[in-house]
2 protein chains.
Amino acid sequence: MRIADPLQDSCAGAATRDCRHGLATNGCEDCKVRLFSVCAALEVPELEELDRISQAREVPARTTLFEQSTLAGSVFNVTDGVVRLYKSLPDGRRQIVGFALPGDFLGLALQDRYGVTAEAVTAVAVCRFARPAFLAYVDDKPHLLRRLHEFAGHELSLAQEQMLLLGRRTAEEKIAAFLLNMQARYARIGTVSVTVPLPMSRQDIADYLGLTIETVSRTLTRLAREKVVLIVPDGVRLLDLERLKLAGAS
Amino acid sequence: MRIADPLQDSCAGAATRDCRHGLATNGCEDCKVRLFSVCAALEVPELEELDRISQAREVPARTTLFEQSTLAGSVFNVTDGVVRLYKSLPDGRRQIVGFALPGDFLGLALQDRYGVTAEAVTAVAVCRFARPAFLAYVDDKPHLLRRLHEFAGHELSLAQEQMLLLGRRTAEEKIAAFLLNMQARYARIGTVSVTVPLPMSRQDIADYLGLTIETVSRTLTRLAREKVVLIVPDGVRLLDLERLKLAGAS
DNA sequence: CGGGGTCATTGATGCAAATCAATGACCCCG
DNA sequence: CGGGGTCATTGATTTGCATCAATGACCCCG
């Protein structure tokens with residue numbers, strides 16, 4: 001079984017259980033990150049059951065995983081690549097409400113219909129659960145339900161933070177917060193590098209931050225000119241964290 | 001026991017159980033709104049238990065119910081009045097992430113700390129639950145947990161809709177969407193009037209929509225000049241719903 | 001190597017909303 | 001009734017970001 005638990009690296013040293021579906025994890029009790037994923041102390045028989053109802057799937061870039069307001073038939077755990085989640089207006093204006101990285105779940109709200117559209121930004125690997133099976137699996141496991149609920153609460157919290165960003169921050173603050181956030185998220189899944197990967201296009205970043213592609217580009221080059229960041233292929237190196245935090249802090 | 005169930009009017013005709021705490025409701029099975037509140041088919045003994053752990057409380061306008069990032073000690077159900085939920089930046093810029101109306105819950109994410117600050121806009125009546133007692137009450141009721149989770153999913157959905165509004169809509173579209181939304185919410189709690197109440201200040205509306213007070217005022221007067229709305233004390237009368245929907249539709 | 005495609009950068013210009021600045025409309029209370 | 005407080009409206013002006021318009025940097029593939 002392939003390992004896709006985002007916690008594997010941040011909980012280094014603890015006994016980690018194989019986990020491609022993201023629902024189980026190791027026994028690292030004091031790891032703060034733990035709460036941010038849906039990981040319960042599932043026992044072996046439960047894990048085997050979970051395994052039976054899951055299936056791995058790979059999709060190329062630009063593939064739509066599911067579309068806004070269609071019937072929610074699946075729950076996904078992203079195991080590799082990046083997925084964009086967005087809402088659109090009839091005239092084509094688009095707001096990306098989030099990027100899903102390895103370890104993130106899609107459709108966990110367990111609503112009848114998807115509230116957003118999910119598209120692969122890069123080539124993506126997911127672990128798919130049929131919704132009925134997932135619901136059945138989850139329904140008699142209160143501890144797991146609790147975890148799911150905590151997880152939803154965390155997502156709501158992130159959404160509210162993003163509302164603050166969209167409504168009240170300047171372009172530079174938006175970019176700074178975005179870069180710091182991506183760095184933190186990649187660090188959490190074990191990509192600890194001086195360079196923060198930015199696999200999504202400038203248009204994606206713009207649609208996530210409520211800006212235009214030109215403003216994203218200009219702001220990044222200005223930050224680069226001021227030696228705050230260094231723009232590299234498919235990413236950005238953060239040079240002056242203090243200066244970035246000044247702009248991007250919550 | 002005072003009745004504060006937001007569903008009482010929209011489910012007119014069904015046998016409605018008294019409910020000041022918002023967690024129980026009638027047996028109106030086909031009511032669409034049902035899913036939007038946390039209402040489970042709780043039995044009488046459960047209701048009595050719920051009653052024991054709840055306490056009614058009234059707070060005057062401008063009172064803070066709880067503050068962002070403090071320890072979450074309570075769960076609230078608003079039974080009367082309006083509450084604003086917001087996040088702030090260090091320099092004072094504020095983003096209101098939602099208004100809680102009668103029937104709405106605060107702190108249902110059940111996280112350790114509150115993610116936002118909650119302040120009474122008007123005089124407010126709430127039903128308070130101590131968090132530990134509420135958790136204990138909820139923990140062995142999987143059906144209730146499911147409801148709570150559905151509720152959280154709905155809240156997330158609303159937040160994402162607001163992100164689209166904040167990031168991609170014009171001032172006029174924001175105002176139009178806000179007015180239609182308030183109308184729908186007041187209709188749901190039984191305030192079916194040609195006039196939509198707006199108990200919050202222009203500053204509150206501005207901070208909710210990512211605008212300034214002046215832009216809110218100007219946009220409203222323009223809509224009034226164009227006979228789309230009529231501005232009345234403490235509210236707005238919607239005259240041309242079609243025209244509003246044109247601007248505010250999702 | 002060269003042409004066409006996609007995406008990012010850069011510059012010139014425009015405009016929607018912010019900012020600055022009065023003025024107006026109520027209140028409340030002495 | 002009148003003065004001070006708060007909040008909303010309206011007007012003049014500025015500005016941050018969007019829009020419009022080229023140009024540049026890669027790719028891929030023939």
Side-chain angles (χ1 to χ4, degrees), chain A residues 60-62 82 84 89 91-96 119 121-123 165-179 197-226 229-236 247, chain B residues 60-62 82 84 89 91-96 119 121-123 165-179 197-226 229-236 247:
Chain A
R62 284 144 204 277
V82 178
R84 59 178 167 239
L89 290 171
D91 64 3
R93 282 175 288 174
R94 184 179 71 155
Q95 178 66 42
I96 292 183
E119 261 175 28
V121 170
T122 61
L165 178 144
L166 289 169
R168 288 299 180 222
R169 289 173 117 110
T170 65
E172 182 174 315
E173 290 170 335
K174 288 175 175 181
I175 296 282
F178 173 68
L179 294 179
L198 295 180
M200 68 291 290
S201 70
R202 294 290 190 262
Q203 185 64 66
D204 285 337
I205 298 174
D207 285 348
Y208 182 56
L209 301 177
L211 298 171
T212 58
I213 180 176
E214 292 96 331
T215 299
V216 170
S217 188
R218 269 187 256 272
T219 305
L220 278 174
T221 45
R222 181 152 39 78
L223 288 175
R225 199 163 46 234
E226 294 168 5
V229 302
L230 177 67
I231 300 170
V232 297
D234 300 315
V236 161
Chain B
R62 285 145 202 275
V82 177
R84 60 178 167 239
L89 289 171
D91 63 3
R93 282 176 288 174
R94 183 178 72 154
Q95 178 66 43
I96 292 183
E119 260 176 28
V121 171
T122 62
L165 179 144
L166 290 169
R168 287 300 180 222
R169 289 173 117 109
T170 65
E172 182 174 315
E173 291 171 335
K174 287 175 175 181
I175 295 283
F178 173 67
L179 294 178
L198 295 180
M200 67 292 289
S201 70
R202 294 289 191 264
Q203 186 65 66
D204 285 338
I205 298 175
D207 285 348
Y208 181 55
L209 301 176
L211 299 172
T212 59
I213 181 175
E214 293 96 330
T215 300
V216 170
S217 188
R218 270 187 255 273
T219 307
L220 278 174
T221 45
R222 181 152 37 78
L223 289 175
R225 198 162 47 235
E226 294 169 4
V229 303
L230 176 67
I231 300 170
V232 297
D234 300 315
V236 161

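Order of the sequence lines fixes the chain letters, A, B, ..., with proteins taken first and strands second; residue numbering starts at 1 for each chain.
With rounding to whole Å, Arg222(A) atom CZ is found 12 Å from dT10(C) atom P. With rounding to whole Å, Leu223(A) atom CG is found 13 Å from dT10(C) atom P. Atom pair Arg225(B):CZ and dT9(D):P shows a separation of 12 Å (rounding to whole Å applied). Look at CG on Leu220(B): it is 15 Å from C1' on dA17(C), rounded to the nearest Å. Note: CG (Leu166(A)) to C1' (dG16(D)) measures 16 Å, nearest angstrom. We find that CD1 of Ile231(B) is positioned 18 Å from P of dC7(D), with the value rounded to whole Å. In this structure, CZ of Arg202(A) is placed 13 Å from C1' of dA25(D), rounded to the nearest angstrom. A straight line from NZ of Lys174(A) to P of dG16(D) spans 14 Å, rounded to a whole angstrom.
Of the candidates dA8(D), dG11(D), dG11(C), dA8(D) carries the atom nearest the Ile213(B) side chain, counting heavy atoms from C-beta on. The nucleotide whose nearest atom lies closest to any side-chain atom of Glu214(A) is, among dT10(C), dC17(D), dA8(D), dT10(C). The side chain of Thr170(B) approaches dA17(C) more closely than any other nucleotide in the set dA17(C), dT10(D), dA8(C).
Panel note: side chain Thr219(B), backbone Glu172(B); no donor-acceptor pair is recorded below 3.5 Å. Without hydrogens or angle criteria, Arg168(A) side chain to Arg93(B) main chain gives no donor-acceptor distance under 3.5 Å. At least one donor-acceptor pair under 3.5 Å links the side chain of Thr221(B) to the backbone N or O of Ser217(B).
Judged by distance alone, with hydrogens and angles left aside, Glu172(A) brings no side-chain donor or acceptor close enough to the base of dC17(D) to form a pair under 3.5 Å. For Arg218(A) and dT19(D), a side-chain-to-base donor-acceptor distance below 3.5 Å is present, hydrogens and geometry of angles not being considered.
Distance check: Arg218(B) CZ to Thr212(B) OG1 gives 7.0 Å after rounding to the nearest 0.5 Å. In this structure, the separation between CZ on Phe178(A) and CG on Leu198(A) is 5.5 Å, given to the nearest 0.5 Å. The CD atom of Gln95(B) lies 11.0 Å from the CZ atom of Arg169(A); values are rounded to the nearest 0.5 Å. Here Gln203(A) contributes atom CD and Leu211(A) contributes atom CG; the two are 10.5 Å apart, rounded to the nearest 0.5 Å.
The residue Thr221(A) sits close only to the backbone: its heavy atoms come under 4.0 Å of sugar-phosphate atoms, none of a base. Residue Ser217(B) is classed as a base contact, given a heavy-atom separation below 4.0 Å to a base. Nucleic acid contact class of Arg62(A) (heavy atoms, under 4.0 Å, all strands): sugar-phosphate only. Residue contacts shown for Ser201(B) are limited to sugar-phosphate atoms, with no base heavy atom under 4.0 Å away. Counting any heavy atom pair closer than 4.0 Å across all strands shown, Leu211(B) reaches sugar-phosphate atoms only and no base atom. At the heavy-atom level, Arg169(A) lies nowhere under 4.0 Å from the strands shown.
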What's the verdict on side-chain contact (heavy atoms from CB on, under 4.5 Å) for Arg202(A) and Leu220(A), showing C-alpha distance, side-chain angles and the deciding distance? CA-CA 10 Å; Arg202(A) 294 290 190 262; Leu220(A) 278 174; 3.7 Å; yes
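Comparing Arg168(A) and Thr215(A), the nucleotide of DNA chain C nearest to each residue sits closer to the 5' end for Thr215(A).
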Dot-bracket notation for DNA chain C is requested: 5' to 3', Watson-Crick or G-U wobble pairs only, both distances under 3.5 Å, with ( ), [ ], | and . as defined. ||||||||||||||||||||||||||||||
